[in-house]
Structures are given as C-alpha cells and as structure tokens.
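Heads up: the structure comes next, in structure tokens.
Below, read A as the first sequence line, B as the second, and so on, with proteins coming before strands; counting in each chain starts at 1.
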Amino acid sequence: MLDIKLIRENPELVKENLAKRGNPESLIMLQELIDADKRWREDLTKLNDLRHDRKVCTQEIATLKKARQDATAQVEKAKTIDTQITAMEKEVTQIEQKTRQILMDLPNLLHETVPYGTSDQDNVETKTWGKLPQFTFTPKSHIDLALNLDIVDLERAGKVAGARFFFLKGLGVLLDYALMNFALETLYSKGYTPIEPPYLMKREPYEGVTSLGDFADVLYKIENEDLYLIATSEHPMAAMYMNEVIKQDDLPLKLAGVSACFRKEAGAHGKDTRGIFRTHQFNKIEQFIFCMPEDSWQLHEELAANCEEILQKLELPYRMVNVCTGDIGTVAAKKYDFEAWMPAQGAYREVISCSNCTDYQARRLGIRFREKEGAPPKGCLHTLNSTAIATGRTIVALLENCQQEDGSIVIPKVLRKYMGDMEKITLKR
RNA sequence: GCCGAGGUGGCAGAGUGGUUAACGCGCGGGCCUUGAGAGCCCGUGGAUCUUACGGUCCGCAGGGGUUCGAAUCCCUUCCUCGGCGCCA
C-alpha cells in the first residue's frame, strides 16, 4: 500500500512511476483515488463538526439532568443531529471503502534501477555463473530421470490428489531434506532465525501480504473456515508482526522460513505440465527481513548474495536477472530472479526470486518501528523476501545438471553429509 | 468441542451509562547543575482542518446493536488464560 500522504503531496511522482509499469488502468485509478480522497476529507470535516455539535448537546443534557431540570428540547435537538450524523457517516464510510480499495490495488513504487519492459523477455541479465555442462550423450529431462530412479511417482499422485501433485520417494525424499537442511544451516550460520510458521492463515492478515488477485488464482481456501493455505512462508512471516512496533535496536530482523507451499497455479494452464517444475505443493526455505528503511537496499543485495552462495555451492550454473517493470509483481519495488540452467530444456528457468518490498507490505500490515523502548512509533519499516531454496525446482535442476550417461545422479558435495555421505543416486536393483 | 475468567496507550494498571483514558514506569524536550543524578515543568496513538498560532474528531481486541450520550449495557466474531473432553 502506498502512503496516501505521498500521493497527496506528490501525485506527479506517483503518476510517473505507475506509468512505468505499463498499466494505463492504474493511472485512472490514481486519479479516482485523488478525487475521492479530496471529497473524503471535506466530508470528514463536516462529520466531525456534527459530532462536535452532538457532544455539546449531550453535555447540556447531562448538566440539566443533574440539576433535575427538563431536557426534552435538548434531547430532540440531539436526535436530529444524530440523523444527520448517521447519513454523513454512511457517505464517509462509502468513500473510505473506495479509497482503501484503490489504495490496496495500486502497486508499489519501483526503484530507479528497475529496467523498463513489458514482459519477462525484457528482464535484464546482470550476471551468469558456472560452466554449462557438456554431455557426450543426449541429456534426459528431469522427469525421465526421476521416474527411472524411482524417486518420484506422478501417476499415483494423480490418482490420489490430481494433476500437478507428486509423491516423492526414497532418495528423492532424502535429497529434498538435504536441500532444506543445507539451506537452513547456511542461513542459520549467518544469523537468520529459523521459523516454522502456521501453514494456514486468516484472510485479514493475508490481505496485508499479497495482492487481492492472488486469493482467486493462487490460494487454496479451507471450506467453511476463514483459513487459507500459505503459498510461501513469506506470508506468515510478514504477518507475524502485524500491528506491532519494533524497536530499532532489534532491527534488522532476519528470518529463515521453513514450510511447504501450496499454490493453485490457476493462471498456468498448459505450462510446465510434465514433471515437478510447477506443482501445487513444494517445500521451501525462505529468507525474510524486517529492517530500517535506510538499510533495505543494502540488505537486498545481501539476500541476493546468499542466493548466489547457495547456488554456487550446489554447483548449479545460473544467471541473475533484474526483473523489468512489466514483469515485476505488485508488492516489489525491485526484484532479482535467479534462473538455473536446465540442460534438457536448453534454457535458464527461475528457481529463486528475491524482492525488496520497501514499506508497501509493512504499511498494509501496520508494522512500524520506534527509536527505543518507550519512544513513540516513528514510521513503517521495510520488508524483503527471497527464496533460499525451493526444493522442487532445485531438484529438477540438480537431476538434469548432474546426470550421468547411465541415468545416475552425482550428488553435489555439500549435500552428501545429509545423505549418509552418498555420492550418487542410482537405481537399486 | 464444552464450561469459566479475561482482552484498556510502549509497559503496568484505574475507570462498571454523563465533558477530559486517573496514578505510575518508560521515552523525548526544557529548567536547574562544572557534569551526571535527583527534583520540577511540558510533551509522548491515529485521522483531519489551519500559512501559522491552534482547533475538531476517532481510538478501551474486531464487527453490529440499545441510548440524547457507551471503555462501561446487549448480540456476535477473534484471541489469551484456567478447568473438562478428544487427539499425534
């Protein structure tokens, strides 16, 4: 959510920034917001005047009653003021809801370093790392490898849960947990506090962390309950401190979320249908930071550096892209994607997404900071989030990059200690 | 799930239908002091109007209701604590 004060004081700046996202509708919404806000303030002043009149009147009544005098005339007057107040309240509430709605729908302001573009085609590659593997044979796709090694069962998952679900089996499970443990320990050693959050969230906190469109396209809802399955541990971690004021000394707060993630993938019909690249459920270690506004850009780079360290230790070739204005999400001011090389597809595919949301989430959630204990709240802090490891996609990358001609997989060195010092995944006979 | 007790500012804690959220603690500023401390004074949630000085309104877990008037009475949801039940 943007700061309404900024919109009032500097509408041109907001306008220019929104225009960069290439969504002309948002400019119309902004103008509607500005008009409605002006009317809201006028009406609020009138409403406050009426409430003041009523206050004066009820005090007269109280004084009269104490003196045991007749207050009928004053009561009548108060009643007429009440009628006016009720009408005015209704109008003010209506306008308020409208402005809130628009404010919730408007996206975050973009950082000046975000490249202009209209789709993911325009994302700017900022770095590549690692040598692309050379095969003396035709590399197989992750799904052929996984089925051969009997570490994934898709058919039975279809029977049990439907498309885009999977059973992970045997060494697949060990590999999954090895990745989780590796990422978690890496972050823990850097001072991130591990968090295992609730996997379900109520609607109100959920509205604070994501755009409203996600409720239909992304989130699973529990029937007859005000509960949604989390799409990432970013969401409960962000909402964790909702309506709180955090001491400046305690910032930055660095968290490492551990959870399964659930996504409807409603907008992805026909995409990545084969295999486990895009599924309704996967495990993920997530980095999350609450910090002072002046520190967020530096910490964004820190998150990105952590991602690189993890990918490099896994020996996965990747590229880093600066996500362009047309492809960046609603809440992020700047976003890096890390894309691992997928030999069977001959393409880099997203495995990590690393965002600075500035004060956008914090304002929606009412998370502020104070200079010290006992001091009044100062302003909204900044939030950042980044994947550390999403196991599904990382397994895809590992299988394809580390495959041998016989279909076995060489396990990256850093993972072996979590898998009983095993060096290879081979089919047991 | 059932029964009971609760939810008031950063914290602690009054207020149980009639203008002001008492008294503390903490925090900020000022006076005093060589300095620190103590002491004293002012301030310390949000919105809005005003160039300013300064007003006005809202805020007692959320939402609704009764009333001229609600932190206070009623309904409802959420949460916390205790007891019982169920359960890995």
Is it true that [X] and [Y] have a side-chain N and a carboxylate O under 4.0 angstrom from each other?
X: A:Glu42; Y: A:Lys38; result: yes
X: A:Lys190; Y: A:Glu309; result: yes
X: A:Glu185; Y: A:Lys417; result: yes
X: A:Lys46; Y: A:Asp43; result: yes
X: A:Lys159; Y: A:Glu155; result: no

Separation between the [atom1] atoms of [N] and [M], rounded to whole Å:
N: B:C58; M: B:G6; atom1: P; value: 28 Å
N: B:A70; M: B:C84; atom1: P; value: 42 Å
N: B:U8; M: B:U19; atom1: P; value: 23 Å
N: B:C79; M: B:C27; atom1: C1'; value: 29 Å
N: B:G59; M: B:G64; atom1: P; value: 11 Å
N: B:C25; M: B:G35; atom1: C1'; value: 26 Å
N: B:U51; M: B:G39; atom1: C1'; value: 40 Å
N: B:U56; M: B:G7; atom1: C1'; value: 30 Å

5' precedence on RNA chain B between A:Val75 and A:Leu47 (nearest-nucleotide basis): A:Leu47
Residue met sooner reading RNA chain B from 5', once A:Asp37 and A:Val245 are mapped to nucleotides: A:Val245
What integer distance in Å separates [X]:[atom1] from [N]:[atom2]?
X: A:Gln59; N: B:U67; atom1: CD; atom2: P; result: 21 Å
X: A:Arg51; N: B:U19; atom1: CZ; atom2: C1'; result: 17 Å
X: A:Ile85; N: B:U67; atom1: CD1; atom2: C1'; result: 13 Å
X: A:Asp3; N: B:G46; atom1: CG; atom2: P; result: 13 Å
X: A:Ile61; N: B:C68; atom1: CD1; atom2: P; result: 9 Å
X: A:Gln69; N: B:C68; atom1: CD; atom2: C1'; result: 17 Å
X: A:Asp53; N: B:C58; atom1: CG; atom2: P; result: 12 Å
X: A:Gln97; N: B:G63; atom1: CD; atom2: P; result: 12 Å

Over all strands shown, is [X] touching base, sugar-phosphate only, or nothing at heavy-atom distances under 4.0 angstrom?
X: A:Ala62; result: base
X: A:Asp226; result: nothing
X: A:Leu44; result: sugar-phosphate
X: A:Lys77; result: nothing
X: A:Lys46; result: nothing
X: A:Lys55; result: sugar-phosphate

Would you mind telling me which of [options] lies closest to the side-chain atoms of [X]?
X: A:Lys202; options: B:C27, B:C79, B:C68; result: B:C79
X: A:Asn48; options: B:C79, B:C68, B:U56; result: B:U56
X: A:Arg54; options: B:C68, B:C27, B:G46; result: B:C68

Below 4.0 angstrom from OP1 or OP2 of [N], is there any side-chain N or O of [X]?
X: A:Lys372; N: B:G10; result: no
X: A:His52; N: B:C57; result: yes
X: A:Arg41; N: B:C49; result: yes
X: A:Arg8; N: B:U48; result: yes

Residue matched to B:C40 through Watson-Crick or wobble contacts both under 3.5 angstrom: B:G30
Can A:Asp37 and A:Thr99 be counted as having a side-chain donor-acceptor contact under 3.5 angstrom? no
Got A:Gln361 and A:Glu234 here, is their nearest side-chain heavy-atom distance under 4.5 Å? yes
